[in-house]
Number of protein chains: 2
Amino acid sequence: MKRPSQTSYVILGFLSTEPSLSGYDIRKAVQESVGHFWSESYGQIYPSLKRLVAEGFIVPSRPASTGKRKRQEYSITETGRASLRRWLALPFQHDPPRNEFLLKLFFGSEAAPGVVAGHIHQIQESSQHLLATLVEIDAFVQNHPSQNPHQPYQMLTLKAGIALACTTLDWCESAFATLATANAGAALPQQPIDKHDRNRA
Amino acid sequence: MKRPSQTSYVILGFLSTEPSLSGYDIRKAVQESVGHFWSESYGQIYPSLKRLVAEGFIVPSRPASTGKRKRQEYSITETGRASLRRWLALPFQHDPPRNEFLLKLFFGSEAAPGVVAGHIHQIQESSQHLLATLVEIDAFVQNHPSQNPHQPYQMLTLKAGIALACTTLDWCESAFATLATANAGAALPQQPIDKHDRNRA
DNA sequence: CGTGGCATGTAAACGGTTACATGATTTA
DNA sequence: TAAATCATGTAACCGTTTACATGCCACG
């Protein structure tokens with residue numbers, strides 16, 4: 001019996017918050033709610049579901065035969081919930097996430113003029129986009145109060161994402177300034193840096 | 001001929017800044033200078049070195065004494081430098097780094113009391129430690145000016161690390177506050193909380 | 001003389017993505 | 001009826017880590 005990977009706990013986690021989900025649902029849930037710091041592929045999810053059933057951590061619910069779409073949902077068992085709790089209590093491992101952007105930046109002096117500025121522009125744009133969607137979610141939740149016990153914790157991850165995105169954007173501006181003074185002759189993207197407003201967490 | 005992995009470019013990158021390095025040196029350089037956002041293992045470095053030699057991107061320098069197993073250094077070639085530059089100009093891919101801490105936080109409502117606070121304490125400590133070392137490097141560089149063309153870019157990654165660490169620390173404090181008010185104000189409806197005190201780390 | 005750091009390397013296992021295959025159901 | 005989406009699943013491949021094996025060399 002293989003040692004379960006983190007994917008199993010993602011599945012157990014989502015099944016602990018929803019009564020019943022299919023593999024497809026879980027994939028979507030991952031993308032939509034933890035997409036800014038996690039990802040899962042079907043090739044990982046479906047085998048994990050089978051293994052979790054074999055281990056008794058989840059059970060198939062809503063058998064596919066009932067006229068509806070061919071889809072199989074699962075529910076968490078008490079043993080599954082216990083396994084999740086055990087994993088949650090374990091200290092997380094804090095390996096440095098490989099950041100290709102920072103790596104290219106680090107070797108930036110070797111790059112052709114404008115290349116580094118282009119990369120910074122790229123994270124600036126993606127951070128702006130991320131920030132916008134996170135702020136939107138934040139506003140929605142603020143306007144729709146609920147007693148959902150999961151919400152405070154989910155909001156903490158949301159706030160973390162917002163804060164980090166803001167910091168990244170600030171850093172981008174200072175980085176552009178640094179580049180401008182460092183090599184005055186280098187070609188920068190024509191994009192004027194506009195003052196986006198920041199709502200700080 | 002296999003498509004080179006990012007490891008190859010890390011090697012080329014460091015060999016572009018130093019005239020001659022061994023596999024061991026490269027490993028150490030990765031840990032010491034980009035360790036907060038990258039990592040490489042020997043199992044990755046040594047095969048890559050051989051492949052890079054076969055491709056003509058690097059050449060062995062300081063040949064090992066005949067028959068003896070000693071340290072072997074390598075130097076980058078012009079083709080190697082060109083390959084590095086080509087890679088640098090390519091847009092980086094921005095996949096969400098898997099963050100186990102945020103994942104456990106997201107499912108925190110399922111955890112036993114104190115578990116989440118313990119995790120937050122853990123990143124708080126590691127962020128403090130990281131910040132201290134980065135600030136130290138920053139101060140050192142500030143006091144030892146140099147014309148090294150790589151320095152401005154390396155400093156940008158350093159500043160990014162410092163900014164993100166600071167943000168993380170700020171977030172930790174607000175997260176502790178959130179947890180405190182949440183636990184004190186709203187009682188969890190599912191299970192009456194016993195008088196078990198939270199274990200403080 | 002032995003310990004610990006320097007140094008190189010490999011095999012196996014592992015986690016994960018990608019590409020592919022299949023087909024049902026809804027919607028335009 | 002065609003296209004898009006829903007939905008499940010697998011095989012191959014890839015990059016990476018881990019554990020292991022080997023041996024040099026300096027220092028106490």
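To find a chain, count down the sequence lines: A is the first, B the second, and so on, and within it residues start at 1.
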Nucleotide [N], atom [atom2] - distance to [atom1] of [X] in whole Å:
X     : N      : atom1 : atom2 : value
B:R51 : C:dT8  : CZ    : P     : 18 Å
B:Q6  : D:dT17 : CD    : C1'   : 16 Å
A:I26 : D:dC6  : CD1   : P     : 16 Å
B:E40 : D:dT16 : CD    : P     : 6 Å
A:Q31 : D:dT5  : CD    : P     : 14 Å

With sequence neighbours excluded, what pairs up with [X] under the side-chain contact (heavy atoms from CB on, under 4.5 Å) test?
X      : answer
B:A163 : A:T167
B:S83  : B:Y9, B:L12, B:F57, B:R86
B:Q31  : B:R27
B:H150 : A:S109, A:E110, B:T17, B:N148, B:Q154

Heavy-atom side-chain contact between B:L179 and B:I120 under 4.5 Å: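 Of all side-chain heavy-atom pairs linking B:I120 with B:L179, at least one is under 4.5 Å.
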
Short side-chain N/O contact to [N] OP1/OP2 from [X], under 4.0 Å:
X     : N      : answer
B:S48 : D:dT16 : no
B:S5  : D:dC14 : no
B:S41 : D:dT18 : no

Relative orientation of the end axes in the helix from C:dC1-D:dG28 to C:dA28-D:dT1, expressed as an angle to the nearest 10° (five pairs per end):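 Answer for the end axes of this duplex: 20°.
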
Nucleic acid contacts - residues 83-105 of chain A versus DNA chain C, non-hydrogen atoms under 4.0 Å: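 Close to the strand, none.
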
Qualifying salt bridge (Lys or Arg N to Asp or Glu O under 4.0 Å) pairs with a residue from residues 131-156 of chain B, counting only residues at least two apart or across chains: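 Sorted result for residues 131-156 of chain B: B:D138-B:K159.
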
With B:F101 via ring-ring contact (aromatic ring centres under 6.0 Å, His included) - residues at least two apart: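 So B:F101 forms a ring-ring contact (aromatic ring centres under 6.0 Å, His included) with A:F92, B:W171.
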
Sequence-distant partners of B:F107, ring-ring contact (aromatic ring centres under 6.0 Å, His included), two or more places apart: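 B:F107: ring-ring contact (aromatic ring centres under 6.0 Å, His included) contacts with A:F14.
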
Sequence-distant partners of B:E73, side-chain hydrogen bond (donor to acceptor under 3.5 Å, both in side chains), two or more places apart: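 Checked B:E73 against side-chain hydrogen bond (donor to acceptor under 3.5 Å, both in side chains); matches are B:S20, B:R62, B:R71.
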
Nearest atoms (heavy-atom pairs only) where A:R51 meets A:S5: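 The answer is NH2-N, 3.7 Å.
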
side-chain hydrogen bond (donor to acceptor under 3.5 Å, both in side chains) partners of residues 87-105 of chain B, not counting sequence neighbours, each pair once: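 Qualifying pairs: A:Q6-B:E100, A:E40-B:R98, B:Q93-B:D95.
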
Measure all distances between protein nitrogen or oxygen atoms and nitrogen or oxygen atoms of nucleotides 8-11 of chain D, and list the pairs falling under 3.5 Å.
| residue | atom | partner | partner atom | Å |
| --- | --- | --- | --- | --- |
| D:dT8 | OP1 | A:Q72 | N | 2.9 |
| D:dT8 | OP1 | A:Q72 | O | 3.3 |
| D:dT8 | OP2 | A:Y24 | N | 2.8 |
| D:dT8 | OP2 | A:Y46 | OH | 2.7 |
| D:dT8 | O5' | A:Y46 | OH | 3.3 |

